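Just the heavy atoms: all of them, side chains too, but no hydrogens, waters or symmetry mates, feed the values below. Note that the structure is a prediction, hence the values are computed from the model and not measured. Residues: numbered from 1 along the sequence shown.
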Amino acid sequence: MLELLQQSLFSGLLVGSVYALVALGIALTFGAMKIINLAHGELVLLAAYMAYVIESRTGWNPYAAIPLAFAVTGIVSVVIYLLIERIREHRELNSLILTFAIGIILTNAILLVFASDVRSTGSPFLQDAISFGSVYAMKGEITAFIISLAVMAGLWWWLKNSWYGRAVRAVSSNRDASMLMGIDPRRVELAAFIVAGILASVAGVALYTMSVVQPALGPGLTIKAFIVTVLAGVGSIPGVFCAALLLGVTEAMTVTLASSALQELVGMVLFLLVLFFMPNGLFGARARRG
């Protein structure tokens, strides 16, 4: 039983790292524009299918699809931003309706092109198992975990040290004050959407290498990303990472100790508990004091 729990914990940590990549894209655009992109899960799914296209057509490693995935998700992200930018009244509510509709369009477009078949990587290297003592994982899962850590470290550096990163933080903190400092909020918001597209492209390819994908997966990814964002609170990359790991481990433990039918429910229970007892998130208040 102990080995089973250790394996469940380890698997949850690996899955949680990909949840973190997905959630960071939503957290970034929400921080910059105070809107929730409900089509973000479909962007991740679109990137996953780009990995499938590259692998099935060329036989290359799926991670070679990241440039193509970024090009596709980047273009779609820019289109989404331009459409949101045209909204003049009730921006928060209308943007939810708009991005929800875009998500439906993307899901059906993927369904038309790729049908409803379940896809997964056929790479022998990525499907090969590797052991760490008494726990096991596919090399694809370990690779996705390492890449997730590297991308999150890069995002943290970008937000802390680059001009656009600091501008995103300034606009997120106070849009009007950032304009007085010479920052163009529209350019910064567009940059945030493009970076979110990069995160979606990497997350989609990583998801394809460690799991299975199918057209209906997008909305579920968006919900998980939103749950992670609420758990973490706005403004903390380490907080998003820890909250994603918490969700991944909780889901894995639920499957091991209870039933796989409760896997999706446990995330919503965490979501409601945090909303009731810690509305600022597990790490939001700490980030503001710092």
- Query: Between N174 (side chain) and A177 (backbone), is there a donor-acceptor pair under 3.5 Å?
  - Reply: yes
- Take K160 and R166 through the test side chain to side chain contact (heavy atoms under 4.5 Å, CB included) and record every step on the way to the result. CA-CA 6 Å; K160 291 287 186 180; R166 291 193 295 267; over 6 Å; no
- Message: Assigning hydrophobic clusters by single linkage (Ile, Leu, Val, Met, Phe, Trp, Tyr; side-chain heavy-atom cutoff under 4.5 Å), is L246 placed with L272?
- Response: yes
- Query: Passes side chain to side chain contact (heavy atoms under 4.5 Å, CB included), I147 versus V202? Steps please.
  - Reply: CA-CA 8 Å; I147 290 178; V202 178; 3.7 Å; yes
- Item | Expected output: side-chain S77 to main-chain I194 donor-acceptor under 3.5 Å | no
- Query: Would you call the rings of Y52 and F114 parallel, tilted or perpendicular if under 30° counts as parallel and over 60° as perpendicular?
  - Reply: perpendicular
- Message: Assess, by modelled atom type and distance only, whether the side chains of Q263 and T254 contain a donor and an acceptor separated by less than 3.5 Å.
- Response: no
- Answer with yes or no whether the side chains of Y63 and E55 bring together a donor and an acceptor at under 3.5 Å. no
- Without swapping roles, check the side chain of K34 against the backbone of S172 for a donor-acceptor pair under 3.5 Å. yes
- Item | Parallel, tilted or perpendicular: ring planes of F271 versus F226, cut at 30 and 60 degrees | tilted
- Note on the structure: Closest non-hydrogen atoms of L126 and M138, given as atom of the first, atom of the second and distance, are O-CB, 3.5 Å
- Message: Assess the residue pair L38 and L98 against the criterion (side chain to side chain contact (heavy atoms under 4.5 Å, CB included)); give the C-alpha distance rounded to whole Å, side-chain angles, the decisive distance to 0.1 Å, and a yes or no.
- Response: CA-CA 9 Å; L38 293 181; L98 173 64; over 6 Å; no
- Query: With distance as the sole test, does T222 use its side chain to make a donor-acceptor pair with the main-chain N or O of G41 at under 3.5 Å?
  - Reply: yes
- Message: I'd like to know if the side chain of H40 and the backbone of V22 have a donor-acceptor N/O pair within less than 3.5 Å.
- Response: yes
- Query: Heavy-atom distance under 4.5 Å between the side chains of Y81 and R186, does that happen here?
  - Reply: yes
- According to a 4.5 Å side-chain heavy-atom criterion applied to Ile, Leu, Val, Met, Phe, Trp and Tyr, with indirect links allowed, do V135 and V18 form part of one hydrophobic cluster? yes
- Message: Are V79 and I198 connected into the same hydrophobic cluster when the rule is that any two of I, L, V, M, F, W, Y join if their side-chain heavy atoms are below 4.5 Å apart?
- Response: yes
- Counting distance only, does the side-chain N/O of S173 pair as donor-acceptor with the main-chain N or O of R169 below 3.5 Å? no
- Item | Test log, rule side-chain hydrogen bond (donor to acceptor under 3.5 Å, both in side chains), inputs Q214 and S116 | CA-CA 6 Å; Q214 46 94 10; S116 59; over 6 Å; no
- Identify the two heavy atoms, one from T250 and one from V266, that lie closest to each other, and give their separation to 0.1 Å. CG2-CG2, 3.2 Å
- Looking just at side-chain N and O atoms, do S123 and Q127 make a donor-acceptor pair shorter than 3.5 Å? no
- Do the side chains of V212 and I142 join up, straight or via other hydrophobic residues, at under 4.5 Å, putting them in one cluster? no
- Item | Working for side chain to side chain contact (heavy atoms under 4.5 Å, CB included), residues L159 and L28 | CA-CA 10 Å; L159 288 172; L28 189 63; 4.2 Å; yes
- Task: Looking only at non-hydrogen atoms, find the nearest pair between A65 and M50 and report the distance.
- Result: CB-O, 3.7 Å
- Message: Is it the case that atom CZ in F132 sees more than 12 heavy atoms from other parts of the structure closer than 6.0 Å?
- Response: yes
- Nearest-0.5 Å distance that lies between atom CZ in F10 and atom CZ in F145: 8.0 Å
- Task: Check the hydrophobic clustering (I, L, V, M, F, W, Y; side-chain heavy atoms under 4.5 Å; chains of links allowed) and say if V53 and V72 are grouped together.
- Result: yes
- Query: Where do A196 and T29 come nearest, in terms of heavy atoms and distance?
  - Reply: CB-CG2, 3.8 Å
- Item | Verdict with reasoning, Y208 to S120, per side-chain hydrogen bond (donor to acceptor under 3.5 Å, both in side chains) | CA-CA 6 Å; Y208 173 75; S120 63; over 6 Å; no
- Query: Sub-3.5 Å donor-acceptor pair from the side chain of S211 to the main-chain atoms of L207, do we have one?
  - Reply: no
- Message: Checking the side chain of T121 only, and the main-chain atoms of T209 only, is there a donor and an acceptor separated by less than 3.5 Å?
- Response: no
- Task: Determine yes or no for a side-chain-to-main-chain donor-acceptor pair under 3.5 angstrom, with N108 supplying the side chain and I104 the backbone.
- Result: yes
